[in-house]
*Asks:* 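Could you have a look at this structure, given as C-alpha cells, before my questions?
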Amino acid sequence: MAFGWIDEQASARRRAGLVRTLRPRPADSPLLDLASNDYLGLAHHPEIIEGAAEAARTWGGGATGSRLVTGTTELHGELERELAAFCGFEAALVFSSGYAANLAAVTALAPHGSLVVSDAGNHASLIDGCRLARGTTQVVEHADPEAVRKALGTAKGPAIAVSDTVFSVDGDAAPLAGLAAACRAYGAGLVVDDAHGLGVLGDGGRGAPYAAGLAGAPNVVVTVTLSKSLGSQGGAVLGPAKVIDHLVNAARTFIFDTGLAPAATGAALAALRLLRREPERAARAREVARALHTRLTASGHEAVRPDAAVVSVRAPSPDQAVRWAADCREAGLAVGCFRPPSVPDGISRLRLTARADLTEGQIDRAVGIIGDTRP
C-alpha cells in the first residue's frame, strides 16, 4: 500500500510521545509570549507594520519571480546595502528565508574535493546544507576550536568550518575567536549563522561576529535571519563582495527561488532602521535573559546561563516537558518545548526567549508560572 510506512512511523511517534501538532494562534492572543523569537519586540511595532504595508502598496503582494528575473526590487537593494553596512561587511544578499540562506552559503562554498567541518550542535539548516554540499563533511565536538583545528589539518583542498554563533537549544555562544584562528591557520573559510545574535549581541545589536572583531574579515561569511530580532521574514548572507557575487551565480536556493516578498523586505528594512535609532533594545534583551536565568535558578530550576536571549530550562523527560509546556499555556504563558529528536543530547527542555519589551512584572509572572507548573 502506498505510504503505508507512514502509519508505522506515526504509531512509533505516538508511543514515544513525540507527535508534533500545529497550534494556530489568534491575532489577539492573551498569552504572555516567551516562545517566539521576537527578541526586540518589533513584530507588532507600528513602524515595522507600516514598513510592510507601504512596501506592499508600492511593489505588490509578491516578488513575482526569482531574484535574477523580476524578483529583485529597489527595496531589496536598499536592505542589502544597509544590512551589510550595519553588520560591518562588504556586501549582503537577501533570501526568502534564513533556511535558504544557510543552504546557499554552505552548498555554494563547499565544492567537490572540499572539507566542511560542522559543529555537532548546529541548526538543522546548516546540517542540511552539509548534506547537500558536494564536499565531505566532518562533524566535530560542540564549541571546540581545537577539534576544528585538527579536522582542518586533514583537508586536501578547500575547507570551511560551519557553526551557529548562538546555539538555538541552550542559547550558548560559539567561541568565534578560536574558530576564526583555527580557520586562519589552515587558510579555511568560516561560515557562521548569526540568527540568534543579530539584534542581540554586539554594539547596538550588530551581531556576534561584530562583537568578536570578525566583521568584514576576508575569510568570514555570516548568515542571518530577518524573522527574529527584525520581526519580519527572510534571510541574508553577508561577506566579501566576491563571495556574494559567487552566490548570485552558484547558489541554487537563490537562483531558483522566488524573491523575498516586498512586505517582508520593507518590514525588515524598517526594523533595521529602528534598531539603529534605538540600539538600547539589544542590551535590554540580554538584560531580560539574565533576569529570567537569575530568578529561575534562585527558584531551584536547572537553567543554562544565557549568552544571548535564549534561556533553557531542563525538564525531567520528554513527556513531562510536553506536559509542563501545556500547563504553562493553560496558566497564560507560552514557552517553547524542545525534546528528542530535535535536541542532539537527548535532554528535554523548556526554551524561553527573552524580549526587550518585557516588563519586570511580566518576568516575575513568567517565573512564577514556570514554578507553579513544574512537574
*Asks:* Go through Asp372 and Arg374 one step at a time and tell me if the salt bridge (charged side-chain N to carboxylate O under 4.0 Å, His left out) criterion holds.
*Replies:* CA-CA 6 Å; Asp372 291 343; Arg374 183 176 183 173; over 6 Å; no
*Asks:* Looking only at heavy atoms, which two atoms of Gly371 and His301 are closest? And how far apart?
*Replies:* CA-NE2, 3.7 Å
*Asks:* Please tell me if the side chains of Leu126 and Asp164 come closer than 4.5 Å, counting only heavy atoms from C-beta onward.
*Replies:* yes
*Asks:* Of the non-hydrogen atoms in Cys130 and Val106, which two are nearest, and what is the gap between them?
*Replies:* N-CG1, 3.7 Å
*Asks:* Taking all non-hydrogen atoms of both residues into account, name the closest pair between Leu226 and Gly235 and its distance.
*Replies:* CG-N, 3.9 Å
*Asks:* Is there a continuous path of hydrophobic side-chain contacts, each under 4.5 Å between heavy atoms, that joins Leu352 to Val169?
*Replies:* no
*Asks:* Taking atom CZ of Arg252 as the centre, does the number of heavy atoms from other residues, nucleotides or ligands within less than 6.0 Å exceed 12?
*Replies:* no
*Asks:* Would you say Thr64 and Thr70 are linked by a side-chain donor-acceptor pair, where the criterion is simply a distance under 3.5 Å?
*Replies:* yes
*Asks:* Do Asn122 and Ser118 have a side chain donor and acceptor closer than 3.5 Å?
*Replies:* yes
*Asks:* With the 4.5 Å side-chain cut-off for hydrophobic clustering, are Leu275 and Val200 part of the same group?
*Replies:* no
*Asks:* Please evaluate residues His142 and Asp119 with respect to the criterion side chain to side chain donor-acceptor pair (under 3.5 Å), reporting the C-alpha separation (whole Å), side-chain torsions for both, the decisive distance (0.1 Å), and the verdict.
*Replies:* CA-CA 5 Å; His142 176 53; Asp119 187 287; 2.8 Å; yes
*Asks:* A quick test of your reading: do over 12 heavy atoms of other residues, nucleotides or ligands sit less than 6.0 Å from CD of Gln233?
*Replies:* no
*Asks:* Evaluate the side-chain proximity of Leu31 to Leu333: yes if any heavy-atom separation is below 4.5 Å, no if none is.
*Replies:* no
*Asks:* Keeping the roles fixed (side chain from Ser96, backbone from Gly259), state whether a donor-acceptor pair exists under 3.5 Å.
*Replies:* no
*Asks:* Quick one: CD1 on Ile255 to CG on Asn249, what's the gap to the nearest 0.5 Å?
*Replies:* 6.5 Å
*Asks:* Begin from the C-alpha positions of Arg131 and Ile127 and carry the test side chain to side chain contact (heavy atoms under 4.5 Å, CB included) through to its verdict.
*Replies:* CA-CA 6 Å; Arg131 290 171 174 171; Ile127 294 171; 3.7 Å; yes
*Asks:* Can you find a heavy atom in the side chain of Leu103 that is under 4.5 Å from one in the side chain of Phe254?
*Replies:* no
*Asks:* Can you tell whether the side chains of Arg284 and Glu287 come within less than 4.0 Å, N to carboxylate O?
*Replies:* yes
*Asks:* Which residue, Glu47, Glu50, Glu278, Glu78, forms the salt bridge (Lys or Arg N to Asp or Glu O under 4.0 Å) with Arg273?
*Replies:* Glu78
*Asks:* Would you say the side chain of Asp172 lies within less than 4.5 Å of the side chain of Val166, judging by non-hydrogen atoms?
*Replies:* no
*Asks:* If you take all heavy atoms of Tyr39 and Val310, which pair is closest and at what distance?
*Replies:* OH-CG2, 3.4 Å
*Asks:* Is Asp364 salt-bridged to Arg295, going by a charged N under 4.0 Å from an acidic O?
*Replies:* yes
*Asks:* Hey, is the main chain of Pro26 close enough, under 3.5 Å, to the side chain of Ser29 for a donor-acceptor pair?
*Replies:* no
*Asks:* Is there a side chain to side chain donor-acceptor pair (under 3.5 Å) between Tyr99 and His123 once you walk through the steps?
*Replies:* CA-CA 9 Å; Tyr99 210 110; His123 186 265; over 6 Å; no
*Asks:* With rounding to the nearest 0.5 angstrom, report the CZ to OG distance, Arg351 to Ser168.
*Replies:* 6.0 Å
*Asks:* Could Asp327 and Arg323 be called an ion pair, given the rule that one side-chain N must be under 4.0 Å from one carboxylate O?
*Replies:* yes
*Asks:* With no hydrogens and no angle check, is any side-chain donor or acceptor of Thr154 less than 3.5 Å from a backbone partner on Ala151?
*Replies:* yes
*Asks:* Can you tell me if Arg206 uses its side chain to pair, donor with acceptor, with the backbone of Asp203 under 3.5 Å?
*Replies:* yes
*Asks:* Is any NZ, NE, NH1 or NH2 atom of the basic residue among Asp245 and Lys242 found under 4.0 Å from an Asp or Glu carboxylate oxygen of the other?
*Replies:* no
*Asks:* Would you call Arg349-Asp170 a salt bridge at under 4.0 Å N-O?
*Replies:* yes
*Asks:* Counting N and O atoms only, with roles assigned by atom type, does the side chain of Ser229 sit under 3.5 Å from a partner on the main chain of Leu198, one being a donor and the other an acceptor?
*Replies:* yes
*Asks:* Going by distance alone, is a donor N or O of one side chain under 3.5 Å from an acceptor N or O of the other, for Trp324 and Thr373?
*Replies:* yes
*Asks:* Would you please test Val248 and Leu68 for side chain to side chain contact (heavy atoms under 4.5 Å, CB included) and show each step?
*Replies:* CA-CA 8 Å; Val248 171; Leu68 288 170; 3.8 Å; yes
*Asks:* Are Glu360 and Arg365 within salt-bridge range, i.e. N to O under 4.0 Å?
*Replies:* no
*Asks:* Are the side chains of Ile48 and Leu274 in contact, using a 4.5 Å heavy-atom criterion?
*Replies:* yes
*Asks:* To the nearest 0.5 angstrom, please state how far the CD1 atom of Ile369 sits from the CZ atom of Arg329.
*Replies:* 12.0 Å
*Asks:* Using a cut-off of 6.0 Å, state whether more than 12 heavy atoms not belonging to Arg134 lie near its atom CZ.
*Replies:* no
*Asks:* Is it the case that over 12 heavy atoms from other parts of the model lie below 6.0 angstrom from the CZ atom of Arg277?
*Replies:* yes
*Asks:* In Å and rounded to the nearest 0.5 Å, what is the OG to CG distance from Ser232 to Leu272?
*Replies:* 11.0 Å
*Asks:* Indicate yes or no for a side-chain donor-acceptor contact from Asp194 to the backbone of Ala208 under 3.5 Å, with no hydrogens or angles considered.
*Replies:* yes
*Asks:* Between atom NE2 of His293 and atom OG of Ser312, what is the distance when rounded to the nearest 0.5 Å?
*Replies:* 10.0 Å
*Asks:* Do the side chain of Asn37 and the main chain of Thr353 share a donor and acceptor less than 3.5 angstrom apart?
*Replies:* no
*Asks:* Where do Asn102 and Ser125 land on the side chain to side chain donor-acceptor pair (under 3.5 Å) test, with the steps shown first?
*Replies:* CA-CA 6 Å; Asn102 274 344; Ser125 55; 2.8 Å; yes
*Asks:* Please confirm whether the backbone N or O of Ile6 pairs with a side-chain atom of Gln9, one donor and one acceptor, at under 3.5 Å?
*Replies:* no
*Asks:* Dump the intermediate steps for side chain to side chain donor-acceptor pair (under 3.5 Å) on Glu8 and Ser11, then the final yes or no.
*Replies:* CA-CA 5 Å; Glu8 296 174 9; Ser11 296; over 6 Å; no
*Asks:* Under a 3.5 Å distance rule, please check whether Arg67 uses its side chain to pair with a backbone N or O of Val94 as donor and acceptor.
*Replies:* yes
*Asks:* Kindly give the heavy-atom pair with the smallest separation between Leu176 and Ala212, and that separation in Å.
*Replies:* CB-CB, 4.0 Å
*Asks:* Going by heavy atoms in the side chains, are Lys228 and Thr225 under 4.5 Å from each other?
*Replies:* yes
*Asks:* Count the heavy atoms belonging to other residues, nucleotides or ligands that lie under 6.0 Å from CZ of Arg57, then report whether that count exceeds 12.
*Replies:* yes
*Asks:* So, Arg355 side chain and Leu40 main chain: donor-acceptor pair closer than 3.5 Å or not?
*Replies:* no
*Asks:* Would you indicate whether the side-chain heavy atoms of Val148 and Leu152 approach each other to under 4.5 Å?
*Replies:* yes
*Asks:* Give a yes or no on whether Val192 and Phe167 share a hydrophobic cluster (residues Ile, Leu, Val, Met, Phe, Trp, Tyr; joining criterion: side-chain heavy atoms under 4.5 Å apart).
*Replies:* no
*Asks:* For residues Leu109 and Leu115: do they belong to one hydrophobic cluster (side chain heavy atoms under 4.5 Å, members Ile, Leu, Val, Met, Phe, Trp, Tyr)?
*Replies:* no
*Asks:* Is Val116 linked to Val243 within one hydrophobic cluster, defined over Ile, Leu, Val, Met, Phe, Trp and Tyr using a side-chain heavy-atom separation of less than 4.5 Å?
*Replies:* yes
*Asks:* Identify the heavy atoms of Ala321 and Leu350 that sit nearest to each other, and give their distance.
*Replies:* O-CD2, 3.8 Å
*Asks:* How many angstroms lie between NE2 in His76 and CZ in Phe95, if you round to the nearest 0.5 Å?
*Replies:* 11.5 Å
